[in-house]
Peer 1: 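Sharing a structure here in structure tokens format.
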Amino acid sequence: MSINYLKELNDRQIEAVNTINGPILIIAGAGSGKTRTITFRIAHMLETGIPQNSILSLTFTNKAASEMAIRVTSLTRKKCTHLTISTFHSFGAKLLRSSIHHIGYKANFSIYDQSDKMALIKEVARELKFPREAVDAYALAHLFSDIKTGMRSWNSENDQYRELYAEYLDHLKTYNAVDFDDLIVLPIRLLRDTPEILQSYQDRFHYFMVDEFQDTSKLQYELIRLLAEKSKNLCVVGDDDQSIYSWRGADYGNILQFEHDFPGVIEIKLEQNYRSTETILSAANGLISHNRNRKHKNLWTGEKGGNALEVIFPENEEDEAHFIAEQIRSVKQTDGTPFHEVGVLVRTNSLTKTIETAFLKDNIPYKVSGGTSFFQRKEVKDIISYLRIMANPDDDVSFLRICNTPRRGIGKKTIRTLRSIAEEKGYSIYSALSAALHLEVSPFPTKVKTDLWDFVSVVEVYREKMLSGKPMAPSLKAMVEELGYWAYLVQETHGNERTAKFKYGNILAFTDILETYEGNPDTIDPNLFDFLNRITLITRDDNQESDENGRVNLMTIHSAKGLEFDIVFLPGVEENIIPHARAIEEDPKNIEEERRLFYVALTRARKKLYLSSCRTRKLLRNTIDCIPSPFLDELPQDLIKPYTEEKVVEEQDAMDFFSAIKSRFNDTSE
DNA sequence: GCATTCTGTATTTTT
DNA sequence: TACAGAATGC
């Protein structure tokens, strides 16, 4: 069956769909039907006979990747099992799985996430006898990341951590573990240094696509450049106005670099917006025009008119939350807007708390996406650590996490002994332990020796089961039983049975996830290693499954990118929140990125926008006075109407609105 | 080795 | 205020 895409797309979009060969740059403004265009493009490629397995499509987030896979599948009505649509990081992980032995790792490597990384840094710092106050694991994790990705170099200020860094790298290698940065850095190294590997990838993949190109880092670009160098069929899609990840290395200078590296780039601009009302679009355009560095673009819509933007100045964040809750209720009644068509977008995760409370109180069903991932919960991560130590016995970070969880009598002293044996021999702790247990003369007292055996035998017994090729989920359940994890939870929560039940429920949910994974006919070769890799790359909760209907979406602006809602609420449109104080502190130039962030927020709305700026807000212990965000003044003022509930309030609000603007004006004109 | 008390610190955004 | 990790006592 042929897809009639001509009817569904505009001229520019059709051009994008039809241009399959050679380098292409698609500049896709907000709401310009980007996802439609690229899914049609992939579908069209398949239709012209391009085999699935020669297409590689890279995105930035798991959510975007799975969304695209779903759309392509539903459009082509075919299983797309051989189509590679993944994030840069999981593509990197897959590449490493098959080729990492070339650089001295084993294929069963562990992937360390942010918290594993910090644990390792602390561990190494302790070994090197760094004074505790000199070790800010959070900051060091960032420094090491920047060093590894070439964004920062050693200087007089950070030179004291050079040795720590070297030792950190060394430990990773001993533990047969890689961090997130390695998932990009190591594949590049492999492709550059090992011609056979590059060759095999270039032989397999002939068509490349990168979504959200403005958010790729220099290194991610380098990775795709290497792969696409030969075929030159590289299509990148992006919007410089929506570049909001520069703090993570995203560099929209990549757009220029791309044009330089691939001569003859065809540029296609998608400028017709199908999403928002004219009012919303003009507001967004008005705002973004304050940015200096941008590619020329003229986003327009055929839609005329639309509701003015409502601006509210609640007394404090609780009033703000109430207002939002009430308004959602009333909009649902008057316009019949379903809950899932409402988005509440915040700058920082911490702002969700008050709003959640209000939703709970008013019985508004909601879901928060973002926040720490399910897989990062302590109880879940404990179980994952057991799996990791089975997959990769050298993984010391996992070892240390669970060797005494649940409590089995392995204490500080025992660990110290183990560590010193390991260090002496240059082994990982687990290998040192196995070796020590088989010694004639045990370095441990009898009781400790028994405790250690307990641990080792659980790991060994279940490793065999997990790697046997038989279903893993039943074994995992049995292991959780055998560990006595339930009793441990009861003990840990000292009698708070509800908490214990909740946590145990999470573990059961986790075993279900494993079951679903291995039971899914679309999973090619389900195995422990692949499963572990997948789940560590899911760092946020973005399960858009089953219950997406009927719930208000509460999330950060960052995670709202690519989404759209009928009605959008933006709480906390205040100075220091957006633009965020820390961002500006870091570099005043960041104001442009903050503005883009606000632009992304505005352009999520189809029909209606509510912006609120509290007069006061609780921060830490005390209540502070808030100033409306300067971005409010940058919106065309005729598109704004101060929100009014009653006449009396109307005048009051209007007056406050103008006096707020006036005070801002006075502030800045000094 | 474990449980309790104490102390310090709030981390912007995410793979 | 809330929560985690360290120090201290049993």
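In this text the structure is predicted, and so the values were computed from the model without any measurement. In the text below, chain A, chain B and the rest are named by the order of the sequence lines, each starting its count at 1.
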Peer 1: Can you measure A/K413 atom NZ to B/dG1 atom C1' for me and round it to whole angstrom units?
Peer 2: 11 Å

Peer 1: Tell me what A/T414 touches on the nucleic acid: a base, only sugar-phosphate, or nothing, going by heavy atoms under 4.0 Å.
Peer 2: sugar-phosphate

Peer 1: Starting at atom CG of A/D215, determine the distance to atom P of B/dT13, rounded to an integer number of angstrom.
Peer 2: 16 Å

Peer 1: A/T87 has a side chain; which of B/dT14, B/dT15, B/dT12 sits nearest to it?
Peer 2: B/dT15

Peer 1: From the list B/dT14, B/dT11, C/dA2, which nucleotide is the closest neighbour of the side chain of A/H558?
Peer 2: B/dT14

Peer 1: Using only heavy-atom distances, determine whether the side chains of A/N506 and A/E379 contain a donor-acceptor pair under 3.5 Å.
Peer 2: yes

Peer 1: Please tell me if A/T556 has a side-chain N or O lying less than 4.0 Å from either OP1 or OP2 of B/dT14.
Peer 2: yes

Peer 1: Check whether any side-chain N or O of A/S457 sits under 3.5 Å from a backbone N or O of A/W453 as a donor-acceptor pair, and report yes or no.
Peer 2: yes

Peer 1: Closer to the 5' end of DNA chain B via nearest nucleotide, is it A/R408 or A/L537?
Peer 2: A/R408

Peer 1: Rounded to whole Å, how long is the line connecting atom OH of A/Y112 with atom C1' of B/dT15?
Peer 2: 18 Å

Peer 1: Nearest nucleotide by nearest heavy atom, which residue falls closer to the 5' end of DNA chain B, A/R407 or A/E594?
Peer 2: A/R407

Peer 1: Quick check on the 6.0 Å ring-centre criterion: do A/Y245 and A/H558 meet it?
Peer 2: yes

Peer 1: How many whole angstroms separate atom CD of A/E593 from atom P of B/dT12?
Peer 2: 15 Å

Peer 1: Please tell me whether A/S145 and A/D181 have a donor and an acceptor in their side chains that are separated by less than 3.5 angstrom.
Peer 2: yes

Peer 1: Does OP1 or OP2 of B/dT14 have a side-chain N or O of A/N62 closer than 4.0 Å?
Peer 2: no

Peer 1: Rounded to the nearest Å, what distance is computed from the CD1 atom of residue A/I624 to the P atom of nucleotide C/dT1?
Peer 2: 18 Å

Peer 1: Over how many whole Å does the gap from A/L140 atom CG to B/dT11 atom P extend?
Peer 2: 18 Å

Peer 1: Choosing from B/dT11, B/dT15, B/dC2, which nucleotide comes nearest the side chain of A/N404?
Peer 2: B/dC2

Peer 1: Send over the distance from A/R582 CZ to B/dA10 P, rounded to a whole Å.
Peer 2: 8 Å

Peer 1: Report yes if some heavy atom in the side chain of A/T536 is under 4.5 Å from a heavy atom in the side chain of A/I384; otherwise report no.
Peer 2: no

Peer 1: Counting distance alone, no hydrogens or angles: does the base of B/dT12 have a donor or acceptor under 3.5 Å from a partner atom on the side chain of A/H580?
Peer 2: no

Peer 1: What's A/F88 touching, base or sugar-phosphate or nothing? Going by heavy atoms closer than 4.0 Å.
Peer 2: nothing

Peer 1: Thinking salt bridges, do A/R347 and A/E594 make one under a 4.0 Å N-O criterion?
Peer 2: yes

Peer 1: Rounded to whole Å, how long is the line connecting atom NZ of A/K618 with atom C1' of C/dA2?
Peer 2: 14 Å

Peer 1: Distance check, C1' atoms only: B/dT11 and C/dG5, in whole angstrom units.
Peer 2: 16 Å

Peer 1: Regarding A/D113, tell me which of base, sugar-phosphate or nothing describes its non-hydrogen contacts under 4.0 Å with the strands shown.
Peer 2: nothing

Peer 1: Assign A/E586 to base, sugar-phosphate, or nothing according to its heavy-atom contacts below 4.0 angstrom with the strands shown.
Peer 2: base

Peer 1: Between B/dT13 and A/R248, counting only base atoms on the nucleotide and side-chain atoms on the residue, is there a donor-acceptor pair under 3.5 Å?
Peer 2: no

Peer 1: By nearest atom, which of the nucleotides B/dT15, B/dT12, B/dT14 is closest to the A/A583 side chain?
Peer 2: B/dT12

Peer 1: Between B/dA3, B/dT12, B/dT11, which nucleotide gets closest to the side-chain atoms of A/T348?
Peer 2: B/dT12

Peer 1: Go through the steps to decide whether A/L345 and A/N553 satisfy the test side-chain contact (heavy atoms from CB on, under 4.5 Å), and finish with yes or no.
Peer 2: CA-CA 8 Å; A/L345 314 182; A/N553 299 280; over 6 Å; no

Peer 1: Does a donor on one side chain sit under 3.5 Å from an acceptor on the other, for A/T354 and A/K618?
Peer 2: no

Peer 1: Looking only at the aromatic ring of each residue, does the gap between the centers of A/F399 and A/F455 stay below 6.0 angstrom?
Peer 2: yes

Peer 1: Ring-on-base stacking between A/W247 and B/dT13, under 5.5 Å between centres and under 30° between planes: is it there?
Peer 2: yes

Peer 1: Under 3.5 Å, which N/O atoms of the protein pair with N/O atoms of nucleotides 3-6 of chain C?
Peer 2:
none

